[in-house]
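Here is the structure we will look at.
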Amino acid sequence: MCAQVFRSHSLTKVLLLSFSCIFVYLYLYYEALEKRNNSAVYRFLRGDQTIIWKTKIDPKENGTLQFNESSNKTLDNNKSVSTIPALPVTKFKKLSEPWTNSIKESFVNRTNPLLTLFTTWKAGKDKYTVHNITTLNWLSLRPLIMPVLFTNETSLAEECSRKGWSVLPVRAVAAQGAPVLKHMYLDVIKRFSSEFYAFANSDILFTDKLVETLFAVLKDKSTVKGHTLIVGKRTNVNNITMSESSSWKDLESVSKKRGTLFYSFAEDYFVTSASYPWKDIPEIVIGRRAYDNWLVLNARRMKHSVLDASGTILAIHQTTKAGNYEGSKHPDTSYNDKLLAKLYKKIPYSAGYADCAELITKKDKTKIVIARRLKLAHYCKL
Ligand SMILES: *[C@@H]1O[C@H](CO)[C@@H](O)[C@H](O)[C@H]1NC(C)=O
Ligand SMILES: *[C@@H]1O[C@H](CO)[C@@H](O)[C@H](O)[C@H]1NC(C)=O
Ligand SMILES: *[C@@H]1O[C@H](CO)[C@@H](O)[C@H](O)[C@H]1NC(C)=O
Ligand SMILES: *[C@@H]1O[C@H](CO)[C@@H](O)[C@H](O)[C@H]1NC(C)=O
Ligand SMILES: *[C@@H]1O[C@H](CO)[C@@H](O)[C@H](O)[C@H]1NC(C)=O
Ligand SMILES: *[C@@H]1O[C@H](CO)[C@@H](O)[C@H](O)[C@H]1NC(C)=O
Ligand SMILES: *[C@@H]1O[C@H](CO)[C@@H](O)[C@H](O)[C@H]1NC(C)=O
Ligand SMILES: *[C@@H]1O[C@H](CO)[C@@H](O)[C@H](O)[C@H]1NC(C)=O
């Protein structure tokens, strides 16, 4: 009996000790992130991304970006080389998450990022949290995916580059202030070197599935040939919070719990190969209807490789009270339709739905593979 009392006593001690250890650990962890000081925990977290990425990333123009333990250099648009901006104070558990082994293997010998992912938005109170979450989510995919913001707003440019984004000016606008899509592509392709380039709406969140899918596309050179366009359906999640989006795993679970897959007519991201003939694309603008479907139907007409990646890429749309049909509420909402109607006789917009892409990505046991779609719906007729 005495032994039993003793045992339960020591068990309590052990438990107490473990809890205090965990508490101290958590305290240090958050302390490190919140105060952004140079503590060991912080450096370790930072090291996470540097340990994996040992090779140099050479931007086409000025400067070099080296993610290794002894240097944190990055490209700043105007300066040749500058140090990586301090990581943001954040409630995110981690900024750069551990990549899966298959992803690590795929980028052993890489010398440049996989994807330059760009967007644009206007500073405003109503969408501040949404954009805050996007900023951090896209940063979590560095250095394989490098985020770029197009803006001419100085304070927004400063805030985002402080957080680690690259910033470029908006060169051309139309339809009362909407950026012209092709010029943003041409600008990032000129300035940054990567395998793929993509515009995505500023309220879309991604996980490492995007990276995994792009590696699968790169590998299958016999199916995916020539100019390539990758699109997909999005998953709407209402009022997503900071903590729900704090890791790729959390995003996956919130999308399962509260998400709904949206229709295939809505396309929110467009990944294209570096070779994509953007110079031949009309001056369509983002944020107004019709450009998304036209891009896809045009790529199908031109016999490019068009992929529907809905099966493997999780693209979460942060739905707020503005709803799921924002494009139709902006001024000059028919700008793209009118422009395209002048250029083309027949525009079967439904042929530009994501589920009209001839190729699909899908999970095959543990790998992602590319396959041909067996049957196209009647509305996909060009
Ligand atoms: C890390 O960066 C430093 C300074 O730029 C460089 O001298 C060193 O060779 C790099 N180390 C590796 C392993 O790439
Ligand atoms: C890298 O960044 C950290 C934190 O901002 C800084 O303390 C350190 O001096 C930097 N290292 C180099 C080599 O610039
Ligand atoms: C690189 O940076 C230097 C100094 O900031 C600048 O003079 C030069 O024009 C830049 N080169 C290019 C190609 O942007
Ligand atoms: C936005 O993010 C910053 C850190 O990046 C944080 O300090 C701020 O509280 C966030 N704001 C909101 C409204 O979430
Ligand atoms: C990386 O490059 C080295 C040297 O060129 C080569 O031996 C190795 O097989 C490559 N690794 C991968 C995963 O391609
Ligand atoms: C780069 O420099 C030019 C001229 O000094 C300036 O107009 C532009 O806003 C700068 N761009 C960024 C992204 O800081
Ligand atoms: C944004 O700034 C750039 C250069 O700083 C300028 O060429 C461009 O016209 C501006 N765009 C808008 C929409 O004002
Ligand atoms: C999301 O927030 C809006 C107000 O911003 C509210 O009207 C709506 O009910 C919320 N939706 C959910 C599912 O919580």
Side-chain angles (χ1 to χ4, degrees), residues 59-63 65 74-85 113 115-128 130-132 134-135 138-139 146-194 197-204 267-270 272 274 276-292 294-295 322 326-340 342-343:
K60 279 177 188 165
E61 297 174 303
N62 272 327
L65 189 152
T74 188
L75 175 79
D76 192 330
N77 295 323
N78 281 338
K79 292 169 216 143
S80 55
V81 176
S82 69
T83 49
I84 279 184
L115 169 69
T116 304
L117 181 60
F118 65 91
T119 189
T120 177
W121 70 77
K122 295 204 167 86
K125 228 169 52 196
D126 52 334
K127 283 284 181 82
Y128 188 76
V130 166
H131 294 140
N132 221 2
T134 303
T135 312
W138 291 20
L139 281 176
M146 299 300 278
V148 178
L149 174 72
F150 279 87
T151 184
N152 274 20
E153 296 179 62
T154 316
S155 61
L156 182 57
E158 275 168 12
E159 185 183 343
C160 282
S161 53
R162 193 162 13 89
K163 289 179 177 175
W165 282 45
S166 297
V167 181
L168 292 177
V170 182
R171 229 163 15 106
V173 296
Q176 303 181 40
V180 177
L181 184 65
K182 69 183 275 186
H183 294 300
M184 295 193 288
Y185 274 97
L186 292 170
D187 283 355
V188 288
I189 291 171
K190 201 167 100 197
R191 184 164 288 265
F192 303 105
S193 161
S194 58
Y197 297 86
F199 167 76
N201 281 320
S202 62
D203 47 14
I204 303 294
E267 287 135 343
D268 287 74
Y269 63 91
F270 309 88
T272 65
Y276 206 78
W278 279 105
K279 62 176 180 14
D280 303 332
I281 300 290
E283 307 259 323
I284 47 181
V285 298
I286 58 145
R288 306 290 182 272
R289 67 173 190 232
Y291 81 94
D292 49 351
W294 182 83
L295 273 177
E326 280 181 87
S328 54
K329 292 175 200 150
H330 291 142
D332 220 345
T333 174
S334 309
Y335 179 88
N336 291 326
D337 323 38
K338 284 187 203 146
L339 174 77
L340 292 167
K342 277 187 222 149
L343 300 172

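All ligand and atom numbering here is 1-based and tracks the order in the structure.
Pro179 places a side-chain heavy atom less than 4.5 Å from the side chain of Met184. By the 4.5 Å heavy-atom criterion applied to side chains, Asp187 and Phe118 are not counted as neighbours.
Comment: Glu159 engages Lys163 in a salt bridge, judged by a side-chain N to carboxylate O separation of less than 4.0 angstrom.
Between the side chain of Asn336 and the main chain of Arg288, a donor-acceptor pair closer than 3.5 Å is present.
Between Val170 and ligand 7, at least one pair of N/O atoms sits closer than 3.5 Å.
With atom 12 (C) of ligand 7 as the reference point, the heavy atom nearest to it among Asn152, Val180, Leu168 is part of Asn152.
Residue contact check: Val173 has heavy atoms under 4.0 Å from atoms 13 (C) of ligand 7.
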